[in-house]
2 protein chains.
Amino acid sequence: MSYVHLFRRYLREQGLPVTQQREAVAEVVFESGGHLSVDEIEGLLRERGEKTGKATVYRTMEMLVKSGLVAERDFGEGFKRYEHLFGQMPVHGHLICEECGGVTEIQEVELKRIQDRVAALEGFAPARYRLEIFGLCAVCRAAGHELEWKGLSCPIERV
Amino acid sequence: MSYVHLFRRYLREQGLPVTQQREAVAEVVFESGGHLSVDEIEGLLRERGEKTGKATVYRTMEMLVKSGLVAERDFGEGFKRYEHLFGQMPVHGHLICEECGGVTEIQEVELKRIQDRVAALEGFAPARYRLEIFGLCAVCRAAGHELEWKGLSCPIERV
DNA sequence: CACCTATGGAGAATGATTCTCAATATCTAA
DNA sequence: TTAGATATTGAGAATCATTCTCCATAGGTG
């Protein structure tokens, strides 16, 4: 709710109009704790009686990402997901299970330190981070599933 | 070239036929040092006189990724890119400039250690890693470009 | 060498994302 | 508060990467 203020501030700083639709999209995203797809955001807007078009949702999500308040994710589903970054480590990643599709957050302080150091070495000014680790979650391992490439003794480690 | 052997081995281990097309795609990918799009791979195959269909390229890339010999990347262009992992750190990421689109490799030993530790905490068996940092490269910074969200004093660090 | 099965290819189908453009909302200044 | 300049919105078309379909064909086994 009040996080929407920050987005409004961002829009004004950029000289962009603060519209009802942009506020509505931001509210829905900031009120949700999960990883939202554009479809889900549209659904939440519809529930609230908002009639925001799909194109507007896409356009607004782009601004939210640029503002740094929201991060874009790709869990390999063929479409993007979005999550706001409040109450999260500034740099956090995801463990994605290739068997069940489950997603676990990784909150790791060290990551930001290391990533910033690497970026600094190159004279690079970092804005957004994205870390995803694909593999098998504990539940699926316990259920007897195995990684598909397990059979090949990994040559990469040895080169 | 000889890396194609490893792919053949993978296919046999999985009980999958080793076809001309699969070998041709693997050769093209292993001979290239860059980040290839499917379009570019198709082009390279055409140059070599191969008549490999687009669907086959996609299917083969999926296998190469599952084999662990090739990694899938998304630099925010709207399509995927692929790179083989030989001669690279097993866990490496990319610095992606939002201004010029330039991509710089990050070879950072610590990353794998940290990421493995985090994964282990959750009982997760990692298979593939993906790390991307978006921002401004040194060249674009020197040229006077600025990050688009710079105006908003970042609230995330403070929460 | 022949059979069985999985693959390959062409193009259609899918589906996320982007674009178009007329109608409308926002912001600024008086 | 209003007028006017400007940017946004929305519906649907357009784009474009990726996946699917189906049958002719190649690969692997004995």
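Residue numbers start from 1 in every chain, and the chains themselves are labelled A, B, ... in the order their sequence lines are given, proteins ahead of strands.
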Could you check how far [atom1] of [X] sits from [atom2] of [N], rounded to whole Å?
X: A:Arg73; N: C:dA16; atom1: CZ; atom2: P; result: 20 Å
X: B:Gln14; N: C:dT7; atom1: CD; atom2: P; result: 12 Å
X: B:Met63; N: C:dT7; atom1: CE; atom2: C1'; result: 8 Å
X: A:Lys80; N: D:dT18; atom1: NZ; atom2: P; result: 11 Å
X: A:Ile41; N: C:dT17; atom1: CD1; atom2: C1'; result: 14 Å
X: A:Lys54; N: D:dA14; atom1: NZ; atom2: C1'; result: 13 Å
X: A:Phe79; N: D:dC16; atom1: CZ; atom2: C1'; result: 18 Å
X: A:Glu77; N: D:dT19; atom1: CD; atom2: C1'; result: 16 Å

### Message
Both B:Lys51 and B:Gly15 contact DNA chain C. Which one's nearest nucleotide lies toward the 5' end?
### Response
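Upstream on the strand: B:Gly15.
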
### Query
What string of B, S and - do you get for nucleotides 20-30 of chain C 5' to 3' if you count protein non-hydrogen atoms under 4.0 Å?
B-----SS---

### Query
Quick check: does any side chain N or O of A:Arg12 sit under 3.5 Å from a backbone N or O of A:Val18, one acting as donor and the other as acceptor?
no

Among the nucleotides [options], which one has an atom lying closest to any side-chain atom of [X]?
X: A:Tyr58; options: D:dT18, C:dT17, C:dG8; value: C:dT17
X: A:Thr56; options: D:dT18, D:dG10, C:dT17; value: D:dG10
X: A:Thr52; options: C:dT7, C:dT17, D:dG10; value: D:dG10

#### Entry: Minimum-distance pair of heavy atoms, taken over all atoms of B:Phe75 and B:Arg81
CD1-CD, 3.8 Å

### Message
Less than 4.5 Å apart, side chain to side chain, heavy atoms only: is that true for A:Tyr3 and A:Leu69?
### Response
no

### Query
So, for A:His35 and A:Tyr82, is the gap between ring centers shorter than 6.0 Å?
no

### Query
Would you call A:Arg9 and A:Glu13 a salt bridge, taking side-chain N to carboxylate O under 4.0 Å as the test?
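A:Glu13 and A:Arg9: salt-bridged.
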
### Query
Charged N to carboxylate O below 4.0 Å: is that the case for B:Glu31 and B:Arg48?
yes

### Task
Return the orientation label for the B:His84 and B:Phe86 ring planes: parallel under 30°, perpendicular over 60°, tilted otherwise.
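Rings of B:His84 and B:Phe86: tilted, 30 to 60°.
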
